[in-house]
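Count residues from 1 along the sequence.
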Amino acid sequence: MKSNPTADQMNRGEFIRSLGMSSAALMAFYCMGTTLSSCSSKGSDDPTPSTTPLPSTGITGNAEVSKGAINFTLSLADANFSKLKTAGQYVLVGNLIVARTAAGQYVALSKTCTHEGTDVQYRSAQNDFFCSNHGSEFSTTGAVEVGPASRPLTQYKTALSADGNSLTVTA
Ligand code: FES
């Protein structure tokens, strides 16, 4: 016996509508039951910057994005930052990582991995910035070289004083 095509179409339409309602209901449940970032259009690639406490000496100015434009100076004569006179070394300052690359250049980037917010570290052997949490790698300009991070680290400008004892970092 041949089935009624009109009834089939109605059944299919009802079936599709019921699927749509189920998907919407599932998504609503998912969004309510998980963290807000899971449902954000930016996904997890927009973590809140973490902040490394500043030492009491060797830095003047602002190193935290929440307090306005980044603009600070490190004294490389101070014990807190003197390691930056050595190629391949780095320090975490406020929301930033400041490194002296293997080639001797100064680089300042956001230290917060754009995947889920772990502090990155400078690796002199690879001359890159590495997140040990899930393995993201960034170039010395902050560009993503290896995911899962999909957005670059913010890059800041660096300027070394003529005597080599002060490093100024600006947005
Ligand atoms: S938090 Fe850095 S790779 Fe996931």
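The side-chain heavy atoms of Leu54 and Val93, taken from C-beta on, include a pair separated by under 4.5 Å. Ser124 places none of its side-chain heavy atoms less than 4.5 Å from the side chain of Tyr90. Looking at heavy atoms from C-beta onward, Arg100 lies out of side-chain contact with Thr86 at the 4.5 angstrom threshold. Within the 4.5 Å cutoff, side-chain heavy atoms of Thr140 are placed close to those of Phe129. Between Lys157 and Val169, the closest side-chain pair of non-hydrogen atoms is not below 4.5 Å. With a 4.5 Å cut-off on side-chain heavy atoms, Gln121 and Ser132 count as touching. In this structure, the side chains of Pro148 and Ser136 come closer than 4.5 Å at one or more pairs of heavy atoms. Glu145 has its side chain within reach of Ser139: a pair of non-hydrogen atoms, C-beta onward, lies under 4.5 Å apart.
Taking the six-membered ring for Trp and thresholds of 30 and 60 degrees, His134 and His115 have ring planes more than 60 degrees apart, a perpendicular arrangement.
In the displayed structure, Gln105 atom CD is contacted under 6.0 Å by at most 12 heavy atoms of other residues, nucleotides or ligands. Around NZ of Lys67, the count of heavy atoms belonging to other residues, nucleotides or ligands within 6.0 Å does not exceed 12.
Hydrophobic cluster membership differs between Val107 and Leu74, with clusters built from Ile, Leu, Val, Met, Phe, Trp and Tyr side chains linked at under 4.5 angstrom. Clustering ILVMFWY residues whenever any of their side-chain heavy atoms sit less than 4.5 angstrom apart, transitively, puts Leu92 in a cluster other than the one holding Val65. Linking ILVMFWY side-chain heavy atoms closer than 4.5 Å, directly or via other members, places Leu167 and Ile70 in a single hydrophobic cluster. Both Leu109 and Val120 sit in one connected hydrophobic cluster of ILVMFWY residues. Membership requires side-chain heavy atoms under 4.5 Å apart, directly or through other members. Phe81 and Tyr156 fall within the same hydrophobic cluster, defined by Ile, Leu, Val, Met, Phe, Trp and Tyr side-chain heavy atoms under 4.5 Å apart, directly or through other members.
Atom-to-atom distance recorded for Asn80:CG and Ser56:OG is 6.5 Å, nearest 0.5 angstrom. Rounding to the nearest 0.5 angstrom, the gap separating the OG1 atom in Thr101 from the OH atom in Tyr106 is 9.5 Å. Here the straight-line distance linking atom OG1 of Thr114 with atom CZ of Arg151 works out to 6.0 Å at 0.5 Å rounding.
Using modelled atom types, no side-chain atom of Ser75 and backbone atom of Gly58 make a donor-acceptor pair closer than 3.5 Å.
Of the residues Asn62, Thr170, Leu96, the one that meets the side chain to side chain contact (heavy atoms under 4.5 Å, CB included) test with Phe72 is Leu96. The side chain to side chain contact (heavy atoms under 4.5 Å, CB included) test with Leu160 is passed by exactly one of Leu76, Thr168, Leu84, Asn165: Leu76.
Asp119 and Ser50 share a side-chain donor-acceptor pair at under 3.5 Å. At a cut-off of 3.5 Å, with distance as the only test, no side-chain donor of Tyr122 or Asp128 sits close to an acceptor on the other residue. Using a 3.5 Å distance cut-off with no hydrogens or angles, the side chains of Asp78 and Thr57 do pair a donor with an acceptor.
Considering every non-hydrogen atom in both Lys111 and Thr51, the closest pair reads NZ-N, 3.9 Å. Scanning both residues, Thr112 and Pro47, for their nearest heavy atoms gives CG2-CG, 4.1 Å.
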